[in-house]
Trainee: 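My structure is below; once you've seen it, I'll send some questions.
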Amino acid sequence: MSNSTFDADGITLEKVREYVWEIPQEGDMRTPARVLASEALLEEIKEDKTLQQLKNTTHLPGITKHAICMPDGHQGYGFPVGGVGALDAENGCISPGAVGYDINCGVRMMKTNLTYDDLKGNEQELVDSLFANIPSGLGGGGIVESGVDTVDEILARGVDWALENGYAVEDDLLHCEDEGHREEADPSKISQKAKDRGKNQIGSLGSGNHFLEVQRVTDVFHDEVGSAYGLEEDQIVVLIHCGSRGLGHQTCNDYLRKIEKQHQGLLNKLPDKELAAAPAGSQLAEDYYGAMNAAINFAWVNRQLIMHRTREVFERVFDRSWEEMEMDLLYDVAHNIAKKEVHDVDGEERELYVHRKGATRAFPAGHPDVPEAYRDVGQPIIIPGSMGAGSYVLRGGENSMELTFGSTAHGAGRLMSRTQAKNEYWGGDVQDELEAQDQIYVKAQSGATVAEEAPGVYKDVDEVVRISDELGIGDKVARTFPVCNIKG
DNA sequence: ATGTGC
(Lines give C-alpha, C1' and ligand atoms only; values in the text may rest on other atoms or scores of the structure.)
Protein backbone atom coordinates (compact mmCIF):
# COMPACT_ATOMS: atom_id res chain seq x y z
CA MET A 1 0.00 0.00 0.00
CA SER A 2 1.40 3.40 -0.93
CA ASN A 3 0.70 6.69 0.78
CA SER A 4 -1.90 7.66 -1.73
CA THR A 5 -3.95 4.51 -2.24
CA PHE A 6 -5.82 2.06 -0.02
CA ASP A 7 -6.32 -1.47 -1.28
CA ALA A 8 -9.58 -2.98 -0.07
CA ASP A 9 -9.51 -6.52 -1.44
CA GLY A 10 -9.97 -5.71 -5.13
CA ILE A 11 -11.28 -2.18 -4.80
CA THR A 12 -8.59 0.50 -4.81
CA LEU A 13 -9.29 3.86 -3.23
CA GLU A 14 -7.24 6.92 -4.11
CA LYS A 15 -6.54 9.47 -1.44
CA VAL A 16 -7.89 12.87 -2.53
CA ARG A 17 -6.75 14.48 0.71
CA GLU A 18 -6.79 13.68 4.41
CA TYR A 19 -9.94 11.62 5.19
CA VAL A 20 -11.27 11.82 1.60
CA TRP A 21 -10.91 8.63 -0.50
CA GLU A 22 -12.13 8.11 -4.04
CA ILE A 23 -13.08 5.04 -6.05
CA PRO A 24 -12.39 6.20 -9.62
CA GLN A 25 -15.08 5.97 -12.26
CA GLU A 26 -14.79 2.85 -14.46
CA GLY A 27 -17.06 0.61 -16.53
CA ASP A 28 -20.74 1.57 -16.16
CA MET A 29 -20.15 3.82 -13.15
CA ARG A 30 -21.69 7.23 -13.93
CA THR A 31 -19.54 9.07 -11.36
CA PRO A 32 -16.72 8.26 -8.95
CA ALA A 33 -17.56 7.25 -5.36
CA ARG A 34 -16.11 8.75 -2.20
CA VAL A 35 -15.51 7.46 1.29
CA LEU A 36 -14.96 9.93 4.12
CA ALA A 37 -12.92 8.08 6.72
CA SER A 38 -9.63 7.61 8.51
CA GLU A 39 -7.53 4.59 7.58
CA ALA A 40 -8.58 2.98 10.87
CA LEU A 41 -12.26 3.28 9.89
CA LEU A 42 -11.53 2.16 6.32
CA GLU A 43 -10.04 -1.04 7.72
CA GLU A 44 -13.46 -1.76 9.26
CA ILE A 45 -15.52 -0.50 6.32
CA LYS A 46 -13.70 -2.82 3.87
CA GLU A 47 -14.70 -5.91 5.86
CA ASP A 48 -18.25 -6.14 4.47
CA LYS A 49 -19.96 -5.28 1.16
CA THR A 50 -20.07 -1.51 1.80
CA LEU A 51 -17.56 -0.49 -0.87
CA GLN A 52 -19.04 -2.72 -3.59
CA GLN A 53 -22.51 -1.39 -2.73
CA LEU A 54 -21.18 2.16 -2.88
CA LYS A 55 -19.74 1.49 -6.35
CA ASN A 56 -23.09 -0.01 -7.41
CA THR A 57 -24.98 3.14 -6.42
CA THR A 58 -23.00 5.15 -8.99
CA HIS A 59 -24.89 3.20 -11.67
CA LEU A 60 -28.16 4.91 -10.69
CA PRO A 61 -29.36 7.35 -13.39
CA GLY A 62 -28.92 11.00 -12.42
CA ILE A 63 -26.28 10.39 -9.75
CA THR A 64 -24.55 13.71 -9.23
CA LYS A 65 -20.89 14.47 -8.39
CA HIS A 66 -20.27 11.20 -6.53
CA ALA A 67 -21.88 8.62 -4.26
CA ILE A 68 -20.63 9.23 -0.72
CA CYS A 69 -20.03 6.92 2.24
CA MET A 70 -19.88 8.50 5.71
CA PRO A 71 -17.27 7.45 8.32
CA ASP A 72 -19.82 5.17 10.06
CA GLY A 73 -20.77 3.36 6.83
CA HIS A 74 -21.61 -0.34 6.69
CA GLN A 75 -23.48 -2.60 4.31
CA GLY A 76 -27.25 -2.26 4.00
CA TYR A 77 -30.09 -3.33 1.68
CA GLY A 78 -28.61 -2.46 -1.74
CA PHE A 79 -27.32 0.94 -0.66
CA PRO A 80 -24.87 1.30 2.25
CA VAL A 81 -26.08 2.53 5.62
CA GLY A 82 -24.15 5.77 5.97
CA GLY A 83 -24.65 6.51 2.26
CA VAL A 84 -25.59 9.75 0.54
CA GLY A 85 -26.75 9.74 -3.07
CA ALA A 86 -27.98 12.89 -4.84
CA LEU A 87 -29.99 11.88 -7.90
CA ASP A 88 -31.32 14.39 -10.43
CA ALA A 89 -35.01 15.06 -9.70
CA GLU A 90 -35.81 15.69 -13.36
CA ASN A 91 -33.72 13.14 -15.26
CA GLY A 92 -32.64 10.78 -12.50
CA CYS A 93 -34.58 8.49 -10.19
CA ILE A 94 -35.69 7.78 -6.63
CA SER A 95 -34.79 4.52 -4.89
CA PRO A 96 -36.55 3.06 -1.81
CA GLY A 97 -33.46 0.99 -0.96
CA ALA A 98 -31.44 4.22 -0.83
CA VAL A 99 -33.86 5.62 1.75
CA GLY A 100 -34.04 2.47 3.85
CA TYR A 101 -36.70 0.17 5.21
CA ASP A 102 -37.18 2.24 8.35
CA ILE A 103 -38.35 5.47 6.71
CA ASN A 104 -37.43 8.46 8.92
CA CYS A 105 -35.68 6.44 11.50
CA GLY A 106 -34.22 9.35 13.42
CA VAL A 107 -33.28 10.83 16.73
CA ARG A 108 -34.34 13.75 18.88
CA MET A 109 -32.80 15.30 21.95
CA MET A 110 -34.89 16.91 24.66
CA LYS A 111 -33.19 19.13 27.21
CA THR A 112 -33.96 19.57 30.92
CA ASN A 113 -32.71 21.97 33.57
CA LEU A 114 -31.97 19.05 35.92
CA THR A 115 -28.38 18.20 36.76
CA TYR A 116 -26.87 14.76 37.30
CA ASP A 117 -26.96 15.40 41.06
CA ASP A 118 -30.74 16.02 40.91
CA LEU A 119 -31.17 12.61 39.33
CA LYS A 120 -28.64 10.55 41.28
CA GLY A 121 -30.39 8.00 43.52
CA ASN A 122 -33.53 8.09 41.34
CA GLU A 123 -32.08 6.15 38.41
CA GLN A 124 -33.88 2.88 39.15
CA GLU A 125 -37.26 4.54 39.71
CA LEU A 126 -36.85 6.60 36.56
CA VAL A 127 -35.80 3.71 34.34
CA ASP A 128 -38.63 1.52 35.70
CA SER A 129 -41.20 4.25 35.16
CA LEU A 130 -40.02 5.04 31.64
CA PHE A 131 -40.02 1.35 30.77
CA ALA A 132 -43.53 0.88 32.20
CA ASN A 133 -44.99 3.87 30.36
CA ILE A 134 -43.34 3.86 26.96
CA PRO A 135 -44.38 0.98 24.71
CA SER A 136 -41.42 -0.93 23.28
CA GLY A 137 -40.51 -4.18 21.62
CA LEU A 138 -41.74 -5.94 18.51
CA GLY A 139 -45.41 -5.91 17.64
CA GLY A 140 -48.28 -3.65 18.57
CA GLY A 141 -49.29 -1.35 21.38
CA GLY A 142 -48.77 2.41 21.17
CA ILE A 143 -49.42 5.55 23.21
CA VAL A 144 -52.42 6.44 21.01
CA GLU A 145 -54.80 3.64 20.06
CA SER A 146 -56.64 4.73 16.96
CA GLY A 147 -58.55 3.86 13.86
CA VAL A 148 -57.36 4.29 10.31
CA ASP A 149 -58.89 7.82 10.14
CA THR A 150 -56.39 9.03 12.74
CA VAL A 151 -53.54 7.32 10.89
CA ASP A 152 -54.54 9.23 7.74
CA GLU A 153 -54.42 12.55 9.59
CA ILE A 154 -51.03 11.75 11.08
CA LEU A 155 -49.69 10.72 7.68
CA ALA A 156 -50.97 13.94 6.09
CA ARG A 157 -50.00 16.44 8.77
CA GLY A 158 -47.23 15.04 10.96
CA VAL A 159 -46.53 16.92 14.18
CA ASP A 160 -49.24 19.50 13.31
CA TRP A 161 -51.65 16.69 14.20
CA ALA A 162 -49.89 16.22 17.54
CA LEU A 163 -50.10 19.96 18.25
CA GLU A 164 -53.85 20.05 17.58
CA ASN A 165 -54.42 17.01 19.79
CA GLY A 166 -52.49 18.16 22.85
CA TYR A 167 -49.33 16.07 22.35
CA ALA A 168 -47.05 18.93 21.32
CA VAL A 169 -46.45 22.64 21.81
CA GLU A 170 -45.64 25.11 19.04
CA ASP A 171 -42.00 25.20 20.15
CA ASP A 172 -41.64 21.46 19.43
CA LEU A 173 -42.45 22.05 15.75
CA LEU A 174 -39.99 24.89 15.46
CA HIS A 175 -37.17 22.62 16.70
CA CYS A 176 -37.66 19.72 14.32
CA GLU A 177 -36.26 19.08 10.84
CA ASP A 178 -38.87 20.30 8.31
CA GLU A 179 -40.89 21.50 11.34
CA GLY A 180 -42.10 17.93 11.83
CA HIS A 181 -44.10 17.94 8.64
CA ARG A 182 -43.58 17.14 4.95
CA GLU A 183 -46.08 19.04 2.79
CA GLU A 184 -45.82 16.58 -0.10
CA ALA A 185 -47.16 13.65 1.95
CA ASP A 186 -49.91 11.69 0.23
CA PRO A 187 -51.62 9.22 2.62
CA SER A 188 -53.59 7.71 -0.28
CA LYS A 189 -50.30 6.25 -1.55
CA ILE A 190 -49.79 4.23 1.66
CA SER A 191 -51.34 0.76 1.40
CA GLN A 192 -54.15 -0.37 3.67
CA LYS A 193 -51.85 -3.09 4.94
CA ALA A 194 -49.23 -0.52 6.00
CA LYS A 195 -51.89 1.59 7.74
CA ASP A 196 -53.21 -1.47 9.57
CA ARG A 197 -49.70 -2.26 10.80
CA GLY A 198 -49.20 1.36 11.90
CA LYS A 199 -52.50 2.06 13.62
CA ASN A 200 -51.64 0.37 16.91
CA GLN A 201 -47.96 1.41 16.91
CA ILE A 202 -48.41 5.19 17.21
CA GLY A 203 -46.03 6.17 19.99
CA SER A 204 -43.86 3.05 20.36
CA LEU A 205 -40.10 2.55 20.38
CA GLY A 206 -39.86 -0.76 18.54
CA SER A 207 -36.87 -3.04 18.86
CA GLY A 208 -33.32 -3.47 17.53
CA ASN A 209 -31.14 -0.41 17.98
CA HIS A 210 -34.05 1.82 18.98
CA PHE A 211 -33.99 3.21 22.48
CA LEU A 212 -34.76 6.03 24.86
CA GLU A 213 -31.79 7.18 26.90
CA VAL A 214 -31.47 9.64 29.76
CA GLN A 215 -27.99 11.14 29.54
CA ARG A 216 -25.80 13.70 31.22
CA VAL A 217 -23.77 16.26 29.31
CA THR A 218 -20.10 15.59 30.06
CA ASP A 219 -18.38 18.08 27.76
CA VAL A 220 -19.22 21.25 25.90
CA PHE A 221 -16.50 21.80 23.30
CA HIS A 222 -17.82 24.97 21.73
CA ASP A 223 -19.01 27.75 24.07
CA GLU A 224 -20.84 29.92 21.54
CA VAL A 225 -22.76 27.08 19.90
CA GLY A 226 -23.27 25.24 23.21
CA SER A 227 -24.89 28.34 24.60
CA ALA A 228 -27.07 28.85 21.48
CA TYR A 229 -28.25 25.23 21.91
CA GLY A 230 -28.74 25.67 25.68
CA LEU A 231 -26.31 22.91 26.65
CA GLU A 232 -24.02 22.90 29.69
CA GLU A 233 -21.95 20.36 31.58
CA ASP A 234 -23.79 18.05 34.02
CA GLN A 235 -27.16 18.87 32.47
CA ILE A 236 -29.60 15.97 32.01
CA VAL A 237 -30.93 15.42 28.48
CA VAL A 238 -33.12 12.70 26.92
CA LEU A 239 -32.40 11.03 23.58
CA ILE A 240 -35.16 9.24 21.63
CA HIS A 241 -34.17 7.03 18.70
CA CYS A 242 -36.91 5.29 16.68
CA GLY A 243 -38.66 5.31 13.33
CA SER A 244 -41.84 4.51 11.45
CA ARG A 245 -42.24 0.91 12.74
CA GLY A 246 -44.24 -1.55 10.62
CA LEU A 247 -45.84 1.21 8.56
CA GLY A 248 -42.56 2.41 7.08
CA HIS A 249 -41.26 -1.12 6.60
CA GLN A 250 -44.40 -2.16 4.75
CA THR A 251 -44.29 0.98 2.60
CA CYS A 252 -40.70 0.31 1.54
CA ASN A 253 -41.57 -3.26 0.70
CA ASP A 254 -44.74 -2.28 -1.22
CA TYR A 255 -42.83 0.12 -3.47
CA LEU A 256 -39.85 -2.17 -4.06
CA ARG A 257 -42.28 -4.77 -5.41
CA LYS A 258 -44.15 -2.21 -7.56
CA ILE A 259 -40.90 -0.88 -9.03
CA GLU A 260 -39.68 -4.39 -9.82
CA LYS A 261 -42.90 -5.01 -11.75
CA GLN A 262 -43.24 -1.67 -13.54
CA HIS A 263 -39.65 -0.58 -14.22
CA GLN A 264 -37.91 -3.77 -15.27
CA GLY A 265 -35.98 -1.89 -17.96
CA LEU A 266 -34.11 0.27 -15.47
CA LEU A 267 -33.78 -2.59 -13.01
CA ASN A 268 -32.04 -4.79 -15.58
CA LYS A 269 -29.39 -2.10 -16.13
CA LEU A 270 -28.53 -1.92 -12.41
CA PRO A 271 -25.87 -4.18 -10.88
CA ASP A 272 -28.05 -5.08 -7.86
CA LYS A 273 -31.81 -5.72 -7.80
CA GLU A 274 -31.89 -4.19 -4.31
CA LEU A 275 -31.19 -0.77 -5.87
CA ALA A 276 -34.59 -0.82 -7.64
CA ALA A 277 -35.48 2.75 -8.57
CA ALA A 278 -38.39 4.63 -10.13
CA PRO A 279 -37.43 7.04 -12.93
CA ALA A 280 -37.95 10.72 -12.06
CA GLY A 281 -41.21 11.96 -13.56
CA SER A 282 -42.86 8.52 -13.62
CA GLN A 283 -46.15 7.99 -11.80
CA LEU A 284 -44.46 5.52 -9.48
CA ALA A 285 -41.72 8.00 -8.54
CA GLU A 286 -44.44 10.51 -7.59
CA ASP A 287 -46.40 7.85 -5.70
CA TYR A 288 -43.37 6.68 -3.74
CA TYR A 289 -42.38 10.26 -2.90
CA GLY A 290 -45.91 10.94 -1.58
CA ALA A 291 -45.93 7.72 0.41
CA MET A 292 -42.41 8.17 1.76
CA ASN A 293 -43.25 11.71 2.91
CA ALA A 294 -46.36 10.37 4.66
CA ALA A 295 -44.30 7.70 6.45
CA ILE A 296 -41.82 10.45 7.41
CA ASN A 297 -44.70 12.33 9.06
CA PHE A 298 -45.73 9.17 10.90
CA ALA A 299 -42.23 8.72 12.35
CA TRP A 300 -42.10 12.32 13.57
CA VAL A 301 -45.41 11.87 15.37
CA ASN A 302 -44.05 8.65 16.84
CA ARG A 303 -41.05 10.44 18.37
CA GLN A 304 -43.25 13.35 19.46
CA LEU A 305 -45.64 11.09 21.38
CA ILE A 306 -42.77 9.31 23.09
CA MET A 307 -41.31 12.68 24.10
CA HIS A 308 -44.72 13.78 25.40
CA ARG A 309 -45.00 10.64 27.52
CA THR A 310 -41.43 11.13 28.79
CA ARG A 311 -42.37 14.60 30.02
CA GLU A 312 -45.29 13.05 31.96
CA VAL A 313 -43.01 10.42 33.50
CA PHE A 314 -40.50 13.05 34.63
CA GLU A 315 -43.39 15.09 36.12
CA ARG A 316 -44.39 12.11 38.30
CA VAL A 317 -40.85 11.12 39.30
CA PHE A 318 -39.61 14.65 40.08
CA ASP A 319 -42.99 16.10 41.18
CA ARG A 320 -42.75 19.21 39.04
CA SER A 321 -44.26 20.33 35.73
CA TRP A 322 -42.28 19.66 32.57
CA GLU A 323 -42.29 23.38 31.82
CA GLU A 324 -40.66 23.98 35.19
CA MET A 325 -38.00 21.39 34.27
CA GLU A 326 -37.60 23.20 30.91
CA MET A 327 -38.00 19.95 28.99
CA ASP A 328 -37.65 21.60 25.59
CA LEU A 329 -36.80 19.91 22.34
CA LEU A 330 -33.26 20.75 21.18
CA TYR A 331 -33.79 19.23 17.73
CA ASP A 332 -35.02 16.19 15.80
CA VAL A 333 -33.04 14.80 12.85
CA ALA A 334 -34.09 12.24 10.25
CA HIS A 335 -31.64 9.44 9.38
CA ASN A 336 -33.44 7.62 6.55
CA ILE A 337 -35.05 9.94 4.03
CA ALA A 338 -34.97 11.37 0.54
CA LYS A 339 -35.80 14.99 -0.14
CA LYS A 340 -36.01 17.25 -3.17
CA GLU A 341 -33.35 19.87 -2.48
CA VAL A 342 -31.68 22.47 -4.65
CA HIS A 343 -27.88 22.25 -4.62
CA ASP A 344 -25.11 24.09 -6.38
CA VAL A 345 -23.45 21.63 -8.78
CA ASP A 346 -20.44 23.15 -10.58
CA GLY A 347 -22.02 26.59 -10.48
CA GLU A 348 -25.46 25.39 -11.58
CA GLU A 349 -28.52 25.22 -9.30
CA ARG A 350 -30.07 21.77 -9.65
CA GLU A 351 -33.00 20.04 -8.02
CA LEU A 352 -31.93 16.67 -6.65
CA TYR A 353 -33.49 13.81 -4.74
CA VAL A 354 -30.96 13.76 -1.92
CA HIS A 355 -31.05 10.27 -0.42
CA ARG A 356 -29.65 10.11 3.11
CA LYS A 357 -29.65 6.54 4.39
CA GLY A 358 -28.08 6.32 7.82
CA ALA A 359 -26.87 9.85 7.27
CA THR A 360 -27.89 13.12 8.90
CA ARG A 361 -28.66 16.47 7.34
CA ALA A 362 -25.95 18.93 8.44
CA PHE A 363 -26.83 22.39 7.12
CA PRO A 364 -24.42 25.19 8.03
CA ALA A 365 -25.05 28.60 9.58
CA GLY A 366 -27.05 30.89 7.35
CA HIS A 367 -28.94 28.16 5.47
CA PRO A 368 -32.65 29.13 5.23
CA ASP A 369 -33.78 25.62 6.30
CA VAL A 370 -31.98 25.91 9.65
CA PRO A 371 -34.52 26.97 12.31
CA GLU A 372 -34.34 30.65 13.16
CA ALA A 373 -33.14 29.93 16.70
CA TYR A 374 -30.01 28.25 15.31
CA ARG A 375 -29.59 30.11 12.00
CA ASP A 376 -26.48 31.99 13.16
CA VAL A 377 -24.60 28.89 14.38
CA GLY A 378 -25.82 26.03 12.17
CA GLN A 379 -28.24 23.13 12.44
CA PRO A 380 -27.96 20.83 15.47
CA ILE A 381 -26.91 17.27 14.62
CA ILE A 382 -27.38 14.43 17.09
CA ILE A 383 -25.15 11.37 16.73
CA PRO A 384 -25.90 8.52 19.11
CA GLY A 385 -23.17 6.10 20.13
CA SER A 386 -23.75 2.78 21.86
CA MET A 387 -25.49 2.46 25.23
CA GLY A 388 -22.09 2.30 26.90
CA ALA A 389 -20.49 5.18 25.03
CA GLY A 390 -22.90 8.10 24.94
CA SER A 391 -23.57 10.51 22.14
CA TYR A 392 -22.55 13.75 20.47
CA VAL A 393 -24.21 16.98 19.51
CA LEU A 394 -22.63 18.62 16.47
CA ARG A 395 -23.53 21.59 14.30
CA GLY A 396 -23.72 21.71 10.53
CA GLY A 397 -20.24 22.60 9.24
CA GLU A 398 -19.09 25.12 6.65
CA ASN A 399 -17.93 22.40 4.21
CA SER A 400 -21.01 20.20 4.25
CA MET A 401 -22.75 21.72 1.23
CA GLU A 402 -19.68 21.30 -0.95
CA LEU A 403 -18.52 17.88 0.29
CA THR A 404 -21.68 15.94 1.19
CA PHE A 405 -24.81 17.73 -0.09
CA GLY A 406 -25.20 19.01 3.48
CA SER A 407 -24.83 15.70 5.34
CA THR A 408 -22.77 13.89 7.95
CA ALA A 409 -22.70 10.57 9.85
CA HIS A 410 -25.60 9.23 11.93
CA GLY A 411 -24.08 6.95 14.57
CA ALA A 412 -21.26 4.65 15.49
CA GLY A 413 -22.04 1.96 12.91
CA ARG A 414 -22.13 -1.76 13.66
CA LEU A 415 -18.97 -3.86 13.78
CA MET A 416 -20.63 -7.28 13.73
CA SER A 417 -23.94 -8.90 12.81
CA ARG A 418 -26.73 -9.39 15.32
CA THR A 419 -26.20 -13.15 15.18
CA GLN A 420 -22.51 -12.78 15.92
CA ALA A 421 -23.29 -10.35 18.76
CA LYS A 422 -25.58 -12.91 20.45
CA ASN A 423 -22.77 -15.45 20.35
CA GLU A 424 -20.31 -13.00 21.90
CA TYR A 425 -22.50 -11.50 24.63
CA TRP A 426 -25.17 -12.40 27.19
CA GLY A 427 -27.73 -9.63 27.78
CA GLY A 428 -27.86 -9.94 31.59
CA ASP A 429 -24.07 -9.80 31.88
CA VAL A 430 -23.93 -6.69 29.69
CA GLN A 431 -26.53 -5.00 31.91
CA ASP A 432 -24.74 -5.95 35.15
CA GLU A 433 -21.42 -4.68 33.85
CA LEU A 434 -22.83 -1.35 32.65
CA GLU A 435 -24.45 -0.76 36.04
CA ALA A 436 -21.45 -1.84 38.14
CA GLN A 437 -18.76 -0.09 36.12
CA ASP A 438 -20.48 2.99 34.72
CA GLN A 439 -23.70 3.43 36.75
CA ILE A 440 -25.74 3.00 33.57
CA TYR A 441 -29.20 1.51 34.19
CA VAL A 442 -30.50 -0.51 31.25
CA LYS A 443 -33.97 -2.07 31.04
CA ALA A 444 -35.11 -4.04 27.98
CA GLN A 445 -37.96 -6.28 26.84
CA SER A 446 -35.49 -8.89 25.70
CA GLY A 447 -32.01 -9.92 26.83
CA ALA A 448 -31.24 -10.83 23.24
CA THR A 449 -31.70 -7.18 22.23
CA VAL A 450 -29.23 -6.08 24.90
CA ALA A 451 -26.69 -8.61 23.57
CA GLU A 452 -27.28 -7.42 19.98
CA GLU A 453 -26.68 -3.84 21.08
CA ALA A 454 -23.77 -4.42 23.49
CA PRO A 455 -21.26 -1.55 23.41
CA GLY A 456 -18.64 -3.86 21.86
CA VAL A 457 -20.66 -4.42 18.67
CA TYR A 458 -20.28 -0.77 17.66
CA LYS A 459 -17.47 1.23 16.11
CA ASP A 460 -15.81 4.00 18.07
CA VAL A 461 -18.23 6.94 17.95
CA ASP A 462 -15.39 9.29 19.00
CA GLU A 463 -13.47 8.39 15.84
CA VAL A 464 -16.55 8.80 13.60
CA VAL A 465 -17.26 12.23 15.05
CA ARG A 466 -13.58 13.22 14.85
CA ILE A 467 -13.64 12.70 11.07
CA SER A 468 -16.84 14.73 10.68
CA ASP A 469 -15.28 17.52 12.72
CA GLU A 470 -11.91 17.42 10.90
CA LEU A 471 -13.65 17.59 7.52
CA GLY A 472 -15.82 20.50 8.66
CA ILE A 473 -19.08 18.79 7.66
CA GLY A 474 -20.36 18.56 11.26
CA ASP A 475 -18.45 20.24 14.10
CA LYS A 476 -18.29 18.86 17.65
CA VAL A 477 -20.38 20.88 20.12
CA ALA A 478 -21.06 18.63 23.11
CA ARG A 479 -20.75 15.05 24.36
CA THR A 480 -23.10 13.09 26.58
CA PHE A 481 -22.86 9.90 28.67
CA PRO A 482 -25.72 7.46 29.41
CA VAL A 483 -27.57 7.34 32.75
CA CYS A 484 -30.69 5.24 32.00
CA ASN A 485 -31.58 3.35 28.84
CA ILE A 486 -34.80 1.59 27.85
CA LYS A 487 -35.15 -0.48 24.71
CA GLY A 488 -37.21 -3.21 23.04
C1' DA B 1 -35.17 -2.08 10.88
C1' DT B 2 -39.37 -5.79 10.72
C1' DG B 3 -46.30 -9.28 13.00
C1' DT B 4 -37.22 -11.27 12.78
C1' DG B 5 -37.24 -14.07 4.62
C1' DC B 6 -38.69 -11.92 -0.09
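Keep in mind the model is a prediction, meaning the values are calculated, not measured. Just so we're on the same page: letters track the sequence lines, and every chain starts at 1.
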Trainee: Which residue lies toward the 5' end of DNA chain B, A:E260 or A:G206, if each is placed at its nearest nucleotide?
Mentor: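 Between the two, 5'-proximity favours A:G206.
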Trainee: Salt-bridged, A:D28 to A:K55, with N to O below 4.0 Å?
Mentor: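 Salt bridge flag = no for A:K55 with A:D28.
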Trainee: Could you check how far CG of A:L205 sits from C1' of B:dT2, rounded to whole Å?
Mentor: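 It works out to 15 Å between those atoms.
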Trainee: Check the pair A:D328 / A:K111 against salt bridge (charged side-chain N to carboxylate O under 4.0 Å, His left out), numbers first and verdict last.
Mentor: CA-CA 5 Å; A:D328 300 324; A:K111 298 179 281 183; 5.7 Å; no
Trainee: Nearest to the side chain of A:L138, heavy atoms from C-beta on, is which of B:dT2, B:dT4, B:dC6?
Mentor: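 Among the listed nucleotides, the one closest to the side chain of A:L138 is B:dT4.
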Trainee: Could you say whether A:N253 or A:G137 is positioned toward the 5' end of DNA chain B, judged by the nucleotide with the nearest heavy atom to each?
Mentor: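 It is A:G137, whose closest nucleotide lies nearer the 5' terminus.
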Trainee: Using a cut-off of less than 4.0 Å, is there contact between a side-chain N or O of A:R418 and OP1 or OP2 of B:dT4?
Mentor: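 For A:R418, the contact criterion (side-chain N or O under 4.0 Å from OP1 or OP2 of B:dT4) is not met.
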Trainee: Regarding A:S207, tell me which of base, sugar-phosphate or nothing describes its non-hydrogen contacts under 4.0 Å with the strands shown.
Mentor: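 Since only primed, P, OP1 and OP2 atoms lie under 4.0 Å of A:S207, the category is sugar-phosphate.
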Trainee: A:K273 has an atom NZ; how far is it from atom C1' of B:dG5, in whole Å?
Mentor: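 Between C1' of B:dG5 and NZ of A:K273: 12 Å.
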Trainee: Using side chain to side chain contact (heavy atoms under 4.5 Å, CB included) as the criterion, list what pairs up with A:E424, not counting sequence neighbours.
Mentor: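 Result, side chain to side chain contact (heavy atoms under 4.5 Å, CB included) vs A:E424: A:M416, A:Q420.
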Trainee: What is the separation between atom CG on A:D254 and atom C1' on B:dC6, rounded to the nearest whole Å?
Mentor: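 Atom CG in A:D254 sits about 13 Å away from atom C1' in B:dC6.
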Trainee: Please report the distance, rounded to the nearest Å, between CD in A:Q420 and P in B:dT4.
Mentor: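 About 23 Å, once rounded to whole Å.
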Trainee: Categorize A:G208 for me: base, sugar-phosphate, or nothing, with a 4.0 angstrom heavy-atom threshold over every strand shown.
Mentor: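 Sugar-phosphate, no base atom in range.
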Trainee: May I have the distance from A:Q445 (atom CD) to B:dT4 (atom P), rounded to whole angstrom?
Mentor: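 After rounding, the gap between these two atoms is 16 Å.
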Trainee: What is the distance, rounded to the nearest whole Å, between atom CG of A:L267 and atom C1' of B:dC6?
Mentor: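 The distance from CG of A:L267 to C1' of B:dC6 comes to 14 Å, rounded to the nearest Å.
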Trainee: Below 4.0 angstrom, N of the basic side chain to O of the carboxylate: do A:K189 and A:E184 qualify?
Mentor: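 Judged by the 4.0 Å cut-off on N to carboxylate O distance, A:K189 and A:E184 do not form a salt bridge.
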Trainee: Can you measure A:D272 atom CG to B:dC6 atom P for me and round it to whole angstrom units?
Mentor: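 So the CG-P distance, A:D272 to B:dC6, works out to 13 Å.
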Trainee: When we call it a touch if two heavy atoms are under 4.0 Å apart, what does A:K357 touch: a base, just sugar-phosphate, or nothing?
Mentor: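 Nothing: the residue A:K357, judged by heavy atoms under 4.0 Å, touches no strand.
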Trainee: Which residues pass the salt bridge (charged side-chain N to carboxylate O under 4.0 Å, His left out) test with A:E47, sequence neighbours left out?
Mentor: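 So A:E47 forms no salt bridge (charged side-chain N to carboxylate O under 4.0 Å, His left out) with any residue.
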Trainee: Specify the separation, in whole Å, of atom CG of A:N336 and atom C1' of B:dT2.
Mentor: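 Taking atom C1' of B:dT2 as the reference, CG of A:N336 is at 13 Å.
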Trainee: For the side chain of A:H249, counting heavy atoms from C-beta on, which of B:dT2, B:dT4, B:dC6 is nearest?
Mentor: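 The listed nucleotide nearest to A:H249's side chain is B:dT2.
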Trainee: Using a heavy-atom cut-off of 4.0 Å across all strands, would you classify A:Q201 as base, sugar-phosphate, or nothing?
Mentor: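 Sugar-phosphate, backbone atoms only, no base.
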